[in-house]
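Within every chain, numbering begins at 1; the chains are lettered A, B, ... in the order of the sequence lines, protein sequences first and strands thereafter.
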Amino acid sequence: MQNREPYTQKIIGNRYTKTKASFEKSLCLFLYQLGKKGKSLKTCLNISGLGMQFKGVKAVQNVSMNLEEGKLYALIGTNGAGKTTIINMISGVLKPTAGTICFQETDITGMRPDRIAKMGVTRTYQNLRLFKKMTVLDNVLMGAQMHSTCGAWESVFQTSRFRENEKSMREHARKMLDIMGIAAFEKELAGSLPYGNQRKLEIARILASNPKLLLLDEPAAGMNPQESHELVDIIRGIQKEFGLTILLIEHDMKVVMNLCEYIYCMAAGEVIAEGGPEAIRNNPRVIEAYLGKRASHVTN
Amino acid sequence: MKYRENAAVRFVCFVLLPLLILIYSAINRGHYYSDLICLFGIHLILATSLNLVNGFSGMFSMGHAAFMAVGAYTSALLTISETQKARISGLPEWFQKFTLPFPLALLCAGLVAALLALLIGFPVLRLKSHYLSVATLGLIVIVRAFLDNEDQFTNGARGITGLPSYSTIFSVFLTGLILLYIMYRLIRCSSYGRGLIAMRDDDVAAQTLGVRIVTKKISIFCLSAFAAGIGGALWGHLQTVISGQFFYFTDSFEIVEMSIIGGMYSLSGGIVGALVMTFLPEILAPLETGIMIGGFQLPELYGASNLIMAVFLILLIIFRRQGILGDSEIIVESIFSKSTYTGIFKAETYRKLVDITKAKLTGKKKEKTAK
């Protein structure tokens, strides 16, 4: 408990002194448990024999992965290797044609996306899917309201429970914006933010929903070196604070090698190599997939 | 000066004006202008309820006339007198003597319309964009055919006459206000509405943030139909005569037109659209019979008001596609609040931005010196 990061201390400190709202309390407990869980390594996500077939095209074949809790994983590979398809299947947007996906020992294969999201598996998108006509704060609130139990009719009658809930959600959302460093743009429309900030907003949005597993689809795409450097710091910070499991797809090798403890490399729908950063860097099959056969001979 | 805290302004807005309208409605019952204001109130309910579906949830329904018809017939059958009911052959005997008070009949009208929406919602709401529009147009035809052919319940194409004229300014605007309040709270102030707008902007992202698309679409469709049913019932009690021909394509298109003119993406847009579409044709009506303007006698221009309305609509579509109001809301309190006028960039945000850039600049300098 002593080595907590400053943000967590801030959040937890405020929570215990200030509020009575059930939403906040549950979040607090959740964070506390996460801190505990981070130390004992459990399996967070287990994929076995996963396959996806679009009519004649086999996009993903026989992929197996095992993600432990509280670690950072990367999924790399050439264009069209099926990385995004895998994330789509985990988050429920696509239904796999073969294999199973288990999240914390429950089978989530082919479940509805909203139910998977409520279990704590959240994702970002390659081509940014923000709600562009909503304000930045409302975007984050969309994430924060995911676990709220307040019904629609309570808002019509303005019950005190509804008000408290709304207030605590707003506070929570502002904190998430603060963590991502875009709190100043709270009232602007999401579509009017610069590109790098839109990426950060997308991460803030899913962070607000108390996730357990983050699936980040090319979070540094389209960012300049300085911005992506910042992003690496932020992702590492988040991961430590909340004890999250993160699986990220990335083409920027600097980001991947800096961040991740374990890397899966894909080509043509199959996992061709897995291991730590060094092992992947020197793996002949990876080099072959990226640079061609001759290059792999030369390096060997 | 803080207008927002000014008690006098609030008193005028929320107490005096409604009171004046109430007194006016009590004095002039059945007057031409009073009926026109009633019609405005009904259009307001219909247009705003259509906005729930068309604007806020991203589906494009055109079947509002069908829900109106169902509401109007339900309320009519529940309120007309025994002698009127005797003319309709197929009603069961217990129903002959059964009448409900007006508010309950209105509620029933809304509920039956919502039930119809629930029934057709499951198959129809799987469709998207213009396919959905065509399917809802089909609903109007089905309802019309039902009303015209099921003689024993609906009196066929002759329609039902002698509805009690319950629709006064007071009753219309009271129901309108209640419905508007519910819609406003649901759409603009709750997580339900936030999810709805998110679903419109990007349904895939909304799904992965825990929004269940099917329930959301069907629930908002039912709510919209509920309000439309009540609007239809009020319309029936205003005209006192209803038959299938009053609830057909033209009426449906008129409501769609209102919602487009005012702005689909806001509730106030529906109000403005209803205002324009109710009063503008009435203002233009004298043109058709020829009027004097500045000593110059205009010839009789039959159909001029329709023509002008059409041109107005075309110009609006070309130059302001989002409608008069776009997606902004008129809130009575915000009209008087000072913060509305202080511009887009508020002092707080500006100061925060300055702080951030300052911190970044100083941070860079420190790095440089360290190197």
Side-chain angles (χ1 to χ4, degrees), chain A residues 87-88 90-93 112-125 128-135 138-139 141-158 162-163 165-166 169 181-191 202 205-206 208-209 215, chain B residues 55-56 58 178-216 219-220 223 265-266 322 326-328 339 344-346 348-357 359-360 363-364 367:
Chain A
I87 286 204
N88 278 343
I90 298 173
S91 62
V93 178
R112 269 205 324 270
D114 53 297
R115 284 188 63 192
I116 294 179
K118 277 180 183 163
M119 290 176 75
V121 182
T122 51
R123 63 170 296 187
T124 64
Y125 294 86
L128 287 176
R129 283 177 179 269
L130 288 171
F131 308 122
K132 288 183 180 169
K133 280 180 186 165
M134 290 160 78
T135 61
D138 274 350
N139 264 278
L141 279 174
M142 270 305 295
Q145 76 186 31
M146 199 157 87
H147 299 288
S148 93
T149 49
C150 251
W153 291 105
E154 285 187 51
S155 68
V156 175
F157 299 113
Q158 292 279 298
F162 165 77
R163 276 189 208 159
N165 191 39
E166 192 81 354
M169 278 200 314
I182 46 174
F185 309 108
E186 181 185 300
K187 280 176 188 167
E188 283 177 43
L189 286 184
E202 214 177 23
R205 187 175 71 180
I206 59 171
S209 70
L215 307 164
Chain B
F56 289 108
I178 293 170
L179 285 173
L180 262 180
Y181 177 80
I182 293 173
M183 290 186 217
Y184 181 77
R185 282 285 173 217
L186 272 182
I187 295 293
R188 293 287 181 188
C189 312
S190 78
S191 45
Y192 178 84
R194 219 178 284 125
L196 200 70
I197 295 169
M199 186 183 81
R200 180 193 72 197
D201 274 8
D202 196 320
D203 55 345
V204 178
Q207 252 182 325
T208 51
L209 283 170
V211 174
R212 194 176 169 191
I213 302 277
V214 183
T215 36
K216 204 138 257 196
S219 60
I220 198 70
L223 186 71
Y265 304 120
S266 79
Q322 71 273 40
D327 53 3
S328 53
S339 64
I344 307 158
F345 232 100
K346 282 179 185 161
E348 270 177 56
T349 11
Y350 182 72
R351 229 171 279 141
K352 269 184 193 168
L353 275 176
V354 168
D355 284 347
I356 287 170
T357 42
K360 275 195 176 171
K364 271 180 193 171
E367 274 177 23

Between A:Asp114 and B:Val211, the two heavy atoms sitting closest are CB-O, 3.6 Å
So which heavy atom on B:Ala205 is nearest to which on A:Phe131, and how close?
CB-CE2, 3.9 Å
Which heavy-atom pair separates B:Ile182 from A:Trp153 by the least distance, and what is that distance?
CG2-CZ3, 4.1 Å
Report which part of A:Lys118 has an atom under 4.5 Å of a heavy atom belonging to chain B: side chain, backbone, both, or neither.
side chain
Top residue by heavy-atom pair count (under 4.5 Å) with chain B, among A:Val93, A:Ile116, A:Leu141?
A:Leu141
Set of residues satisfying side-chain contact (heavy atoms from CB on, under 4.5 Å) with respect to A:Gln158, sequence neighbours excluded:
A:Phe162, A:Arg163, B:Tyr181, B:Arg185
Side chain to side chain donor-acceptor pair (under 3.5 Å) pairs, two or more places apart, involving residues 193-206 of chain B
A:Arg129-B:Asp202, A:Gln145-B:Arg194, A:Glu166-B:Arg194
Output for pair (B:Leu209 CG, A:Thr122 OG1), nearest 0.5 Å, gives 8.0 Å
Which pair of non-hydrogen atoms, one from B:Thr208 and one from A:Ala117, has the smallest distance, and what is that distance?
O-CB, 3.1 Å
More than 12 foreign heavy atoms under 6.0 Å from CZ of A:Arg115: is that the case here?
no
